Amino acid sequence: MIRAVKGTRDLLPPSIAVWNHVEQVARRVFRAYHYQEIRTPIFEETQLFARGVGEETDIVTKEMYTFEDRDGSSLTLRPENTAAVIRAYLEHRLDQRPGIQKLFYLGPMFRRERPQKGRYRQFYQIGAEAIGSESPAIDAEVIELVVEILERAGLSGFTTLLNSVGCPACRPRYVARLREELGEAAPRMCPDCQRRAVTNPLRVLDCKIPEDQPVIERLPSILDHLCDVCQPHFAAVRQYLDDRGIAYEVRPRLVRGLDYYMRTTFEVVHGALGAQNSVLGGGRYDGLAESLGGRIPAPGIGFSIGEDRLVMAVEEAHPGRFADRPDLMILPLGEAALRHAGLLARELRRQDFSVEVSPGGKLKRTLETAHKIGARFVLILGDDEIAGGTYSLKDMTSGVQTPVRREEIARRLEGIQ
RNA sequence: GUGGGUAUAGCUCAGCCGGUAGAGCGCUGGAUUGUGGUUCCAGUGGCCGAGGGUUCGAAUCCCUCUACCCACCCCA
């Protein structure tokens, strides 16, 4: 039997309703903050991600779905979308449009990792980028926006982590300092940290091994090494978040995996997700456009929500709450009633009601089916009703059944919407 | 790439020390006429992940493989 390939999955009812709910909430919030949608291709030239994400990152070195096209060019299924959005910004000269470009996207991304809870090879991200301003006010607004999405989606009990990772002016100095310290400390740490101390010192900071924590505590903090630009920028972001009453925790050891981040970085974690507890990550990337070879500066900040993880957490918090239930199920008794039901259903469907028509059978069974599929109302339609010109409308929640005339049905259904 | 766990009905799982399969849920139907949720009855269901070995006999013991899950790595 042919099965879905490793790390991919079918999204089925009823949980697809949660996906739609999350996406609908996101679209509504994006609209409120005046973000507009952008849809970039699912695959791009490999170079875009190699340069955008960082040649040395794990994503680029071992997790990309890269293939050779028939003309010999190297293409890659997108492992993330920020680089592509910036590419589009440069390609279409969106810098020439008025104001800050605020764009959102949602869709599948691809990384060839070993699947586990909350991690898939085809996974979905809901993200946004605000391009064209270096102002810390934008940073705060972006964080406010993403928190708004999470809350309105039905998530609670999450923690927003905030940090600044500096910029090309100050981070190298900090990294050098860190290397120095690690020269002494690393030998006392876990094997992974000893490796990271050489390859990527910043990664040592978020090692999870308990024994290493005391050592990590004593390592220098990047926040003490921010330059004259980064330091006030970070202070301003915090100020604006405080103004809004948005809760966050400063985590000087929060580092991001993608090379393009600078200054503000943030992450939201949630307990109910297993080891992959991060629901979203984001940050500022003022130098990304240049590293893509663009001559136009495109300072920006963005985030991406791991939709699979958000859906998982929302489902856990509100089981069964977002199921798609039909407003009405029509139960015709007999051939004449079935024909009549077809016409009636079409009329109601044109008024945007969700209507199911039973193909027939014993009333007891069809009522049982109506109950199982969650129909809010049931309309019983037999010879008596056709003759009398009224229908029997039953409220499946209360069990109360009342005679209604055709023109009353819509109004009765409205009452429950 | 590394480690651990699990594979038996559509789903969740029993099945001890080897004697050729069970439950609950689901699904279909019935409990006399056109009334659901509860109840009762019946039916439907399985190459016991695949291959090999031990044995008179393997879902059960051994080996190999595969798949899935979880964790590491890394990240959303």
Side-chain angles (χ1 to χ4, degrees), chain A residues 1-9 12 53-54 56-63 78-82 106-127 146 150 190-193 195-196 199-200 203 206-209 254-258 261 266-270 273-283 302-313 329 331-334 337 358 360-385 391-401:
Chain A
M1 198 171 85
I2 298 176
R3 304 166 53 101
V5 316
K6 185 196 281 287
T8 71
R9 56 193 182 140
L12 303 170
V53 176
E56 303 307 318
T57 58
D58 277 16
I59 292 176
V60 170
T61 56
K62 44 191 194 199
E63 294 174 1
R78 61 184 190 190
E80 60 99 52
N81 208 30
T82 298
L106 85 222
M109 308 293 159
F110 306 85
R111 291 182 202 173
R112 199 181 184 292
E113 297 181 273
R114 195 78 172 261
Q116 69 186 80
K117 189 177 172 70
R119 184 160 77 196
Y120 307 94
R121 290 182 172 184
Q122 174 172 336
F123 62 103
Y124 295 80
Q125 289 191 333
I126 300 174
V146 80
L150 299 184
C190 71
D192 279 329
C193 280
R195 179 176 51 77
R196 285 185 284 236
T199 58
N200 193 350
R203 283 259 151 245
D206 65 353
C207 173
K208 292 169 197 115
I209 308 280
L254 172 72
V255 292
R256 302 241 50 94
L258 286 64
Y261 286 115
F266 55 94
E267 181 170 334
V268 170
V269 293
H270 191 272
L273 295 174
Q276 306 305 311
N277 67 348
S278 167
V279 200
L280 104 233
F303 63 83
S304 60
I305 297 172
E307 190 176 358
D308 307 70
R309 295 177 188 178
L310 177 55
V311 166
M312 193 192 306
M329 183 157 180
L331 311 183
L333 302 164
S358 166
K362 298 177 79 167
L363 181 59
K364 183 178 165 56
R365 289 295 172 195
T366 55
L367 256 175
E368 206 173 311
T369 303
H371 175 252
K372 282 175 184 167
I373 67 173
R376 296 170 207 276
F377 282 86
V378 135
L379 192 79
I380 297 165
L381 209 179
D383 295 339
D384 298 350
E385 282 78 6
Y391 308 91
S392 301
L393 185 67
K394 180 167 187 168
D395 181 330
M396 292 298 276
T397 312
S398 65
V400 176
Q401 184 170 321

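Note: hydrogens, waters and symmetry copies are ignored here, and every other heavy atom, side chains too, is used. Only a predicted model underlies this, so the values are computations on that prediction, with no experimental measurement involved. Chain letters run A, B, ... following the sequence lines, proteins first, then strands; residues in each count from 1.
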What does [N] pair with, Watson-Crick or G-U, if both distances are under 3.5 Å?
N      : answer
A59(B) : none
U20(B) : none
U39(B) : A31(B)
U64(B) : A50(B)
G1(B)  : C72(B)
G10(B) : C25(B)

Counting only distance, no hydrogens or angles, is the base of A76(B) paired donor-acceptor with the side chain of Arg111(A) under 3.5 Å?
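In this structure, the two groups form a donor-acceptor pair.
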Return yes if the base of C74(B) and the side-chain atoms of Arg119(A) contain a donor-acceptor N/O pair under 3.5 Å, otherwise no.
yes
If I pick the [atom1] atom on [M] and the same atom on [N], what distance separates them, to the nearest angstrom?
N      : M      : atom1 : answer
C62(B) : U55(B) : C1'   : 12 Å
G5(B)  : A9(B)  : P     : 22 Å
U60(B) : G26(B) : P     : 31 Å
G45(B) : A23(B) : C1'   : 14 Å
G53(B) : C11(B) : P     : 31 Å
G46(B) : G22(B) : C1'   : 11 Å
G29(B) : G52(B) : C1'   : 45 Å
C74(B) : G15(B) : P     : 40 Å

Would you mind building the protein contact string for nucleotides 27-36 of chain B? One character per nucleotide, 5' to 3', B for base within reach (heavy atoms under 4.0 Å), S for sugar-phosphate only, - for untouched.
S-BBS--BBB
Atom-pair distance ([atom1] on [X]; [atom2] on [N]), nearest Å:
X         : N      : atom1 : atom2 : answer
Asn277(A) : C73(B) : CG    : P     : 12 Å
Glu63(A)  : G1(B)  : CD    : P     : 12 Å
Tyr120(A) : C68(B) : OH    : C1'   : 12 Å
Arg3(A)   : C68(B) : CZ    : P     : 6 Å
Glu113(A) : U2(B)  : CD    : P     : 16 Å
Ile2(A)   : A67(B) : CD1   : P     : 15 Å
Arg121(A) : C74(B) : CZ    : P     : 18 Å

Salt-bridge present (Glu113(A), Arg119(A); N to O < 4.0 Å):
yes
Tell me, please, which residues at least two apart from Gln401(A) pass side chain to side chain donor-acceptor pair (under 3.5 Å).
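Partners of Gln401(A) under the side chain to side chain donor-acceptor pair (under 3.5 Å) test: none.
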Identify whether any heavy atom of Val378(A) sits under 4.0 Å from a base atom; if not, whether one sits that close to sugar-phosphate; answer base, sugar-phosphate or nothing.
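Contact class for Val378(A): none.
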Does Gly127(A) reach a base, just sugar-phosphate, or nothing at all? Heavy atoms under 4.0 Å.
nothing
So do Asn277(A) and His270(A) actually touch side chain to side chain, heavy atoms under 4.5 Å?
no
Any side-chain heavy-atom pair from Pro79(A) and Arg111(A) closer than 4.5 angstrom?
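Pro79(A) reaches Arg111(A) side chain to side chain.
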Measure from NZ or CZ of Arg9(A) to the centre of the six-membered ring of Tyr120(A), then state whether that distance is under 6.0 Å and the direction lies within 45° of the axis.
yes
Side chain Arg309(A), main chain Gly118(A), donor-acceptor under 3.5 Å:
yes
Compute whether any side-chain donor of one residue and acceptor of the other, for Glu385(A) and Ser392(A), lie under 3.5 angstrom apart.
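On atom types as modelled, these side chains qualify, holding a pair under 3.5 Å.
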Between Lys117(A) and Asp308(A), name the one whose nearest nucleotide on RNA chain B is closer to the 5' end.
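Nearest nucleotide further toward 5': that of Lys117(A).
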Assign each of Ser304(A) and Gln116(A) to its nearest nucleotide of RNA chain B by heavy atoms, then name whichever residue's nucleotide is nearer the 5' end.
Gln116(A)
Tyr391(A) side, atom OH; Ile380(A) side, atom CD1 - distance, nearest 0.5 Å
13.5 Å
Which residue is it: Val146(A), Ile305(A), Leu280(A)? I am looking for the one with a side-chain contact (heavy atoms from CB on, under 4.5 Å) to Ile126(A).
Ile305(A)
Do the side-chain N or O atoms of Lys6(A) get closer than 4.0 angstrom to the phosphate oxygens (OP1, OP2) of C68(B)?
yes
